[in-house]
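Step one of this worksheet: look at the structure below.
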Amino acid sequence: MLPVFQTLFRLFPISSALSCLLALCCLHAQAFNPITDRIRVLVPLAASASFDQALAEVVREFNSKQNRFEVDLSRPGSTFQCLRAIIASHYANDLPDLAVVNEADIKVLQEFAILQPFERAWISKKRFLEHLSHRSKCGAHSNQNCSIPFQRSVAVWYFNQEALFRLKQEPGSIPTDWARLSALSQRLHKPNELWGLGIAGTGETAITRWTALGLKLEESANDAAVDWVKRMWDSQGNWLPGSPSVNEVTKRFMEQRAVILLGALDQWSYFKHNAPFRFGVALSEPQPKWFGTDMVLLSTGKKTAWAREFLDYLYRPEIALRLFKTATTLPVAREYLENSGWKAEIHSNPILKSLSEKRLTPSHLAKIAPQVREEWSAALWQAIEQPTEPSLRAGKTAELRTSLQKILSTNQR
């Protein structure tokens, strides 16, 4: 008899020995037969590492609770890089099963006819809030959801209350109209030392923030943008120079080199846990525009059921609340608003309470093709940073309009 069996029989009665033997066999089978079935989920990198870590932890917990398949997270980069990865995998016939994409880019993916509809009964049970949902045709499946809301945010103003107090400015509130805010910024500004305003100048998230400054994306992209730049010329703010990114502007704010920041709601949790100073937050317009990401289904067959099973877990109120605490975003389902834990979190956050009383509308970012948003925002920011004399503005306005038309015509919407 093999030594291991002899040892088992000496130490335990026959029944116990058999039980241990079976357990060893199971462990042996698991060691040499790991789970090979998995679903792949593409998720863009979030604005804060804490959210990425929290999502990874949720996935690990889900995988540990069942042994039929594994969820494999993949992070190709920004939302635009995530979109490109999906298109590339489509041509390679190797699509992921789920993906988080920019809500405004769903129209692009619809043209590839790769989005799978979610079952109506499943959608109904989730009770997603209508005003935060994207509804459109999903290929040949008319009137079916081809996406579900995942993360929703709005543009807000953050301000360093301690710095305002030191600068003899009322720290309890800041003006929310652009003219007075710009005037305050110029008063606070100290060349090469302190900036009044930090406003991101690049990327699609910069464009969504600019809606808080009056940029209207629901109108003609050319005309609305040119009119907006002309208004910015008339109210020059002392924002950070050099077309800064969202990360760069956030860094200056955290270093207390910018007193006021044009940011987004999903940064609130990060500032709450990391800001070395007391900060305030304020809405900037009567009807804030939401923007964010959606979850889309790309697989068919048995993996579709697995994907829904994972989403059932991910959208549980208690799981969603964990993610909410690491990246404060708008609650996307009615069930969250009825949950005691969610209620406590929302009522403890003044900005969320204020938003719950507002009428939120989509940002209409889909009016600009994803591949041109960076160019488009760069052209606008360049014009803003180089304000011209009133007598020369007609020519500069024509140049800007021509530049935007060229960008949009070479990259069809």
Side-chain angles (χ1 to χ4, degrees), residues 43-48 50-52 54-55 58 78-80 82-83 98-107 118 123 126-136 145-158 203-212 217-218 246 262-271 281 283-285 287-296 311 314-317 319-339 342-343 345-346 349-366 370:
V43 181
L45 289 169
S48 67
S50 56
F51 176 79
D52 292 325
L55 181 60
V58 167
S78 66
T79 51
F80 180 53
C82 195
L83 175 68
L98 286 169
V100 176
V101 299
N102 192 315
E103 178 272 333
D105 296 340
I106 293 170
K107 186 168 66 174
F118 290 95
I123 288 284
K126 289 289 176 286
R127 301 168 66 201
F128 293 116
L129 296 169
E130 282 292 321
H131 66 287
L132 293 179
S133 298
H134 178 105
R135 281 192 62 85
S136 57
N145 291 69
C146 56
S147 71
I148 54 177
F150 182 59
Q151 298 280 292
R152 291 284 186 265
S153 191
V154 296
V156 295
W157 290 105
Y158 292 96
E204 62 187 30
T205 56
I207 297 176
T208 55
R209 284 160 169 78
W210 294 348
T211 61
L217 297 176
E218 61 266 32
V246 171
L262 177 56
L265 178 64
D266 50 317
Q267 293 174 290
W268 187 88
S269 182
Y270 172 73
F271 290 145
V281 62
L283 294 176
S284 55
E285 58 178 331
Q287 291 186 354
K289 294 178 174 58
W290 63 260
F291 59 91
T293 55
D294 274 26
M295 191 77 72
V296 293
L311 291 176
L314 186 64
Y315 281 82
R316 287 181 184 177
I319 300 299
L321 182 59
R322 284 170 53 186
L323 298 179
F324 172 82
K325 289 180 178 180
T326 57
T328 308
T329 53
L330 298 168
V332 297
R334 196 168 304 282
E335 187 176 9
Y336 302 164
L337 300 178
E338 299 166 353
N339 179 274
W342 273 88
K343 283 182 179 179
E345 286 293 322
I346 292 173
N349 187 321
I351 197 69
L352 279 171
K353 286 182 65 177
S354 179
L355 279 168
S356 66
E357 301 167 359
K358 301 287 184 180
R359 177 174 172 265
L360 304 179
T361 59
S363 66
H364 297 285
L365 193 63

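Just so it is clear, the values below take in all heavy atoms, side chains as well, and ignore hydrogens, waters and symmetry mates. As the structure is a prediction and not an experimental result, all values here were calculated from the model.
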In this structure, CZ of Arg316 is separated from OH of Tyr336 (nearest 0.5 Å) by 11.5 Å
Does the side-chain contact (heavy atoms from CB on, under 4.5 Å) test come out yes or no for Leu323 and Leu314, once each step is laid out? CA-CA 9 Å; Leu323 298 179; Leu314 186 64; 3.9 Å; yes
Can you sort out the partners of Arg334 under salt bridge (charged side-chain N to carboxylate O under 4.0 Å, His left out), two or more places apart, ordered by chain and number? none
Could you point out which residue of Ile346, Ile351, Asp266, Leu352 forms a side-chain contact (heavy atoms from CB on, under 4.5 Å) with Thr328? Leu352
Any side-chain to backbone donor/acceptor pair from Ser133 onto Leu129? Under 3.5 Å, distance only. yes
Under the side-chain contact (heavy atoms from CB on, under 4.5 Å) criterion, do Val281 and Phe271 qualify, and how do the steps go? CA-CA 11 Å; Val281 62; Phe271 290 145; over 6 Å; no
Where Pro149 and Phe128 come nearest, the two heavy atoms and their spacing: CG-CD2, 3.7 Å
Nearest non-hydrogen partners of Cys146 and Val296, listed with the distance: O-CG1, 3.5 Å
Considering all heavy atoms of both residues, which atom of Leu265 and which atom of Ser153 are nearest to each other, and what is their separation? N-OG, 3.3 Å
Between Leu132 and Trp290, what is the shortest heavy-atom contact and its length? CD2-CD1, 3.5 Å
Among residues at least two apart in sequence or on other chains, which ones pass salt bridge (charged side-chain N to carboxylate O under 4.0 Å, His left out) with Glu103? none
In the structure I gave you, are the side-chain heavy atoms of Val58 and Arg322 within less than 4.5 Å of one another anywhere? yes
Heavy-atom closest contact (Lys325 atom, Ser269 atom, distance): O-OG, 2.5 Å
Taken in chain and number order and not counting sequence neighbours, the residues that satisfy ring pair (Phe, Tyr, Trp, His ring centres under 6.0 Å) with Phe118 are Trp122
Side-chain donor-acceptor contact under 3.5 Å, Glu204 with Asn102: yes
When Ser147 is tested against each of Asp294, Asp105, Thr293 for side-chain hydrogen bond (donor to acceptor under 3.5 Å, both in side chains), which residue passes? Asp294
For the student: nearest non-hydrogen atoms of Pro331 and Trp342, plus distance: CB-CZ3, 3.7 Å
